[in-house]
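To start, the structure itself, in structure tokens.
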Protein chains: 2
Amino acid sequence: MPTRTAAQRREEAARAYDAFIAVCPTRQLVDRISDKWVTLVLCALGDGPKRYSDLSRRIAGVSQKMLTQTLRSLERDGLVVREVTPSVPVRVDYELTPLGTTLMPLIAAIKTWAETHMDEVATSREAYDAVAAR
Amino acid sequence: MPTRTAAQRREEAARAYDAFIAVCPTRQLVDRISDKWVTLVLCALGDGPKRYSDLSRRIAGVSQKMLTQTLRSLERDGLVVREVTPSVPVRVDYELTPLGTTLMPLIAAIKTWAETHMDEVATSREAYDAVAAR
DNA sequence: CGGAATCCATAAGGATACTG
DNA sequence: CAGTATCCTTATGGATTCCG
């Protein structure tokens, strides 16, 4: 009889796998929200559908290339839907899918942590830099 | 004759964006956990202090350059502490600070979402790519 | 309006070699 | 052991131009 049960060994293996193998789902999700604009786009879509031009206006500083690229990847991941109205000129709306919506509480949690603790981080940075400057 | 040229409007947008970045703690946190290795390091430190060499072994695929760089930035942000034991050879341990520990539930939430929904994302990607291939 | 395609500067990051 | 320094390749992303 081993010192660890099969369940314990499985759990350890799963933890190791989940955390450190490149193909783990967590890694992929982190890569996803890592993108500079993904969070901002999801945030902008959080309170309802938006037109392409609305998004580009709301997310100041985004280039047309990056906005399109971000929207495409989100569409590919099934997090947003793209709806084209073939009028003249064309009208394109983007909307969160149900799956994309389930991601919003996560964004909210990140936001909450940030608003609660980022001042501590800022303080720590100043202290660190002050020492490094000497 | 417009009141402002396109260039002027772009410049204003960029300035507004900079201001937004400066005051937005969420943006800063996202930038932080966006880093490819930050989440993995925090995860590895989640169950106790680790030596430098332990970390580099546990986080398969990280180069020593990126590991050091990541640890430095986390130390600067006050999320981990670096403890040097001046033995021969040197021994360096890294440990989560209380502040760093408060970030763990967030990582856990991300992990949970990923494990719950990444298969849907994968399915969506396959469907999207299948259409694009035609 | 909502993109696609191209060009190009910069930054990120890996490999390697060396050090206290 | 725990880094630092350097080189060099690749990825990122902005600007610009053109199109249905």
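Order of the sequence lines fixes the chain letters, A, B, ..., with proteins taken first and strands second; residue numbering starts at 1 for each chain. Everything numeric here is computed off the predicted structure, so don't read it as measured data.
- Residues that satisfy the side-chain contact (heavy atoms from CB on, under 4.5 Å) test with B:Asp54, not counting sequence neighbours, are B:Lys50, B:Arg51, B:Arg57.
- The interatomic distance linking B:Arg57 (CZ) with D:dG3 (C1') rounds to 16 Å, in whole Å.
- Summarising the geometry, atom CZ belonging to B:Arg125 is positioned 4.0 Å from atom CG belonging to A:Asp77; distances are rounded to the nearest 0.5 Å.
- For A:Ser53 and C:dG2, the shortest distance from a side-chain N or O to OP1 or OP2 is below 4.0 Å.
- Between B:Arg72 and D:dT4 there is a side-chain N or O to OP1 or OP2 distance below 4.0 Å.
- Using a distance-only test at 3.5 Å, with no hydrogens or angles considered, no donor-acceptor pair links the side chain of B:Thr97 to the main chain of B:Val81.
- The side chain of A:Tyr52 contributes no N or O atom lying less than 4.0 Å from OP1 or OP2 of C:dA4.
- In this model, the phosphate group of C:dC1 is not approached by any side-chain N or O of A:Arg51 to a distance below 4.0 Å at OP1 or OP2.
- A donor-acceptor pair under 3.5 Å is absent between the side-chain atoms of B:Ser87 and the main chain of B:Val90, judged by distance alone.
- For the OP1/OP2 pair of C:dG3 and a distance below 4.0 Å, the side-chain nitrogens and oxygens of A:Arg82 include at least one atom meeting the criterion.
- Expressed to the nearest 0.5 Å, how far CG of B:Asp119 lies from OG of B:Ser124 amounts to 11.5 Å.
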Worksheet, complete the sentence: Reading nucleotides 11-20 of chain C from 5' to 3' and marking B where a protein heavy atom lies under 4.0 Å of the base, S where only the sugar-phosphate is that close, and - otherwise, the string is --BBBBB--B
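- Note that the CG atom of B:Leu103 and the OG1 atom of B:Thr39 stand 9.0 Å from one another [nearest 0.5 Å].
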